[in-house]
Amino acid sequence: MYDLLVVGAGPYGLSIAAHAASAGLDLRVLGRPMASWRAHMARGMYLKSEPWASNLAAPDGRWRLDAYCAAVGLTARHAEPIPVETFAAYGLWFARNAVPEVDERMVSRVSAGPVGFEAVTEDGEVLRARTVALAVGVMPFTQVPSVLRGLHPALVTHSSDHHDLGRFRGMDVTVIGGGQAALETAALLAEQGTRVRLLARAQQLRWNDVPPPLRRLWWQSARTPHSGLGCGWRNWFYAERPGLFRRLPEATRTRVAATALGPAGAWWVRDRVEPVVETMLGREVVAARAVPGGVRLETVSRTGEPSFLDTEHVIAATGFRATRDRLGLLSEELRASLTTTSDGAPAVGPTFESSCHGLFLAGLLTASTFGPAMRFVHGATFTATTLVRGVRHRLRTAAPPARAIPVPMGRRHAEAP
């Protein structure tokens, strides 16, 4: 029986595994390393985060992104975006150097066992562990507008469905959304010759500013400090003090998690969008149906004015929503035993432990508790150090696993809204 089973091998899972290995835990890591970065982001995309804020976390601070870039003859400079392909390769390099060998089988089910937990791999093997860390990334939580969900995947897809946008060359495509994924997808489509338009509810697109130099006059840094989530004291608080963020009232935490760092495009993609991509702003899709040759979308403006649009394909770049009820990996009994915050996300305590002894959560699932940093790679360092400390404490106390415990963070919610 393992001390810890890490389910997921993206930035959070690999960082947790590196810290757990350094702590001497007997662990097993399962999942395809950097899978979502390698297979679910379009070729040609770039990292929105600054290179210095995109490190996976090893206990000694080694195996950083800049070290990888130096080793392969690349550069990692402030205000110069890193290609997604480079970041994915960095994650594989980190896995080879900082983590015990990753078992690339996927886990199909996690349930409570007689002692600890049981995980069933895709080929049927049962693995047992005293504790489990779920670091499943964002792919289980893709969000597509309800009016589009009944249409065939040949007509409607999520932006994360595409590693290669080449299939859309010469077609008419409508991208829905106003954030980085929508804007960069639209730019890539336009650059390959696709007739593309962007449809968004916002009245205007938002663009992030070019970041100021890392070294500035002291008063400039004091007024708007750099952080892993951007400049300014509010972003600094979200990025650098997630433990204090957890102490905010639950209503405040869930509101901030849902609204902070809202849809906006990176400064370096603006000139690739505005001159060439048709935009339909201030409109919402209220109905959609298949028609010969594609999809007919019915939209309304904020004043209630209707309009119709025919397009060959719709790409919904509409983000992700992590809730307990979408954790299909967990057995029904284990999933139902998790308490939730008011937005339906699983509640976690100060060390990322859920309301089931020994079951720890990481990444987007914990943004409602620890804040917006958990939506970005930057949050992996705090998560890995804190979560592994919690695992070690749980192993020392040897309390019975998979049993509901109080989570001191506001009222409990038996069901997601």
Side-chain angles (χ1 to χ4, degrees), residues 10-16 18-19 34 36-37 41 45-69 75-84 86-88 90-91 94 98 135 137-138 179-181 208-216 220-246 248 253 256-268 320 352 362-387:
Y12 279 79
L14 293 175
S15 296
I16 291 166
H19 279 261
M34 304 298 288
S36 63
W37 298 87
M41 298 186 72
M45 284 187 165
Y46 287 81
L47 223 60
K48 191 179 183 185
S49 301
E50 289 296 323
W52 54 266
S54 304
N55 297 302
L56 277 66
D60 52 8
R62 298 177 65 198
W63 316 118
R64 293 166 52 91
L65 176 58
D66 55 1
Y68 167 76
C69 289
T75 58
R77 297 193 185 99
H78 178 65
E80 293 185 10
I82 293 287
V84 162
T86 299
F87 181 72
Y90 159 60
F94 182 95
V138 299
Q180 177 68 11
N208 298 130
D209 295 328
V210 179
L214 278 176
R215 294 191 177 187
R216 297 174 288 164
Q220 293 174 320
S221 295
R223 187 166 64 180
T224 55
H226 280 289
S227 82
L229 301 185
C231 285
W233 282 107
R234 184 173 297 183
N235 287 340
W236 181 90
F237 176 68
Y238 298 154
E240 312 305 331
R241 294 295 183 269
L244 288 179
F245 182 94
R246 191 190 70 84
L248 296 173
R253 287 189 280 106
V256 170
T259 60
L261 303 171
W267 57 272
W268 43 262
F320 307 86
F352 291 87
L364 183 63
L365 278 166
T366 66
S368 295
T369 300
F370 286 99
M374 303 302 118
R375 292 159 38 195
F376 298 88
V377 175
H378 185 71
T381 298
F382 175 83
T383 298
T385 55
T386 307
L387 187 149

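Keep in mind that this is a model prediction, so the values were computed, not measured.
- Atoms CG and CZ, from Leu365 and Phe320 in turn, are 13.0 Å apart once rounded to the nearest 0.5 Å.
- Minimum interatomic distance between Ala367 and Arg375 (heavy atoms only, all atoms of both residues): CB-CG, 4.2 Å.
- Aromatic ring centroids of Tyr46 and Phe87 lie 6.0 Å or more apart.
- Ring-plane geometry between Phe352 and Phe370 is classed as parallel, the angle between the planes falling under 30 degrees on a 0 to 90 degree scale with a further cut at 60.
- Between Pro51 and Leu65, the closest side-chain pair of non-hydrogen atoms falls below 4.5 Å.
- The minimum heavy-atom distance linking Lys48 with Trp268 is given by the pair CA-CZ2, 4.3 Å.
- In the model, His378 has no side-chain atom that pairs as donor or acceptor with a side-chain atom of Glu50 under 3.5 Å.
- Nearest heavy-atom pair across Trp233 and Ala222 is NE1-O, 2.7 Å.
- Atom OG1 of Thr381 sits about 6.5 Å away from atom NE2 of His19, to the nearest 0.5 Å.
- For the atom pair CZ (Arg246) and CZ (Arg241), the distance works out to 15.5 Å, reported to the nearest 0.5 Å.
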### Task
Test Tyr12 against Leu387 for side-chain contact (heavy atoms from CB on, under 4.5 Å), laying out the working first.
CA-CA 11 Å; Tyr12 279 79; Leu387 187 149; over 6 Å; no

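- If you check the side chains of Arg215 and Ser221, you find no donor sitting under 3.5 Å from an acceptor.
- Closest of all the heavy-atom pairs between Phe245 and Val256 is CE1-CG1, 3.7 Å.
- Among all heavy-atom pairs drawn from Trp37 and Leu47, the shortest one is CZ3-CD1, 3.3 Å.
- Side-chain contact between His78 and His226: present, with at least one pair of heavy atoms (C-beta onward) separated by less than 4.5 Å.
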### Query
Could you walk me through whether Met34 and Leu14 pass the side-chain contact (heavy atoms from CB on, under 4.5 Å) check?
CA-CA 9 Å; Met34 304 298 288; Leu14 293 175; 4.2 Å; yes

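- In terms of heavy atoms, Leu248 sits closest to Arg253 at O-NE, 3.0 Å.
- Counting heavy atoms from C-beta outward, Met374 and Pro242 have side chains that approach closer than 4.5 Å.
- Between Phe94 and Tyr68, the gap from one ring centroid to the other reaches at least 6.0 Å.
- Within a 6.0 Å sphere centred on CZ of Arg216, heavy atoms belonging to other residues, nucleotides or ligands number more than 12.
- The line from SG of Cys231 to CD of Gln220 is 10.5 Å long, rounded to the nearest 0.5 Å.
- Judged by distance alone, with hydrogens and angles left aside, the side-chain atoms of Thr75 form no donor-acceptor pair with the main-chain N or O of Arg77 at under 3.5 Å.
- Separating the CG atom in Asn235 from the CD atom in Glu240 is a distance of 10.0 Å, to the nearest 0.5 Å.
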### Message
Is there a side-chain contact (heavy atoms from CB on, under 4.5 Å) between Leu244 and Phe237? Walk through the geometry before answering.
### Response
CA-CA 8 Å; Leu244 288 179; Phe237 176 68; 3.8 Å; yes

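- Each of Ser15, Ser49, Pro11 was compared with Val377 under the side-chain contact (heavy atoms from CB on, under 4.5 Å) criterion, and only Pro11 meets it.
- Interatomic distance, CZ of Phe382 versus OG1 of Thr366, reported as 9.0 Å (0.5 Å rounding).
- Counting heavy atoms from C-beta on, the side chains of Trp267 and Pro211 come closer than 4.5 Å.
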### Task
Check the pair Leu214 / Trp52 against side-chain contact (heavy atoms from CB on, under 4.5 Å), numbers first and verdict last.
CA-CA 10 Å; Leu214 278 176; Trp52 54 266; 3.8 Å; yes

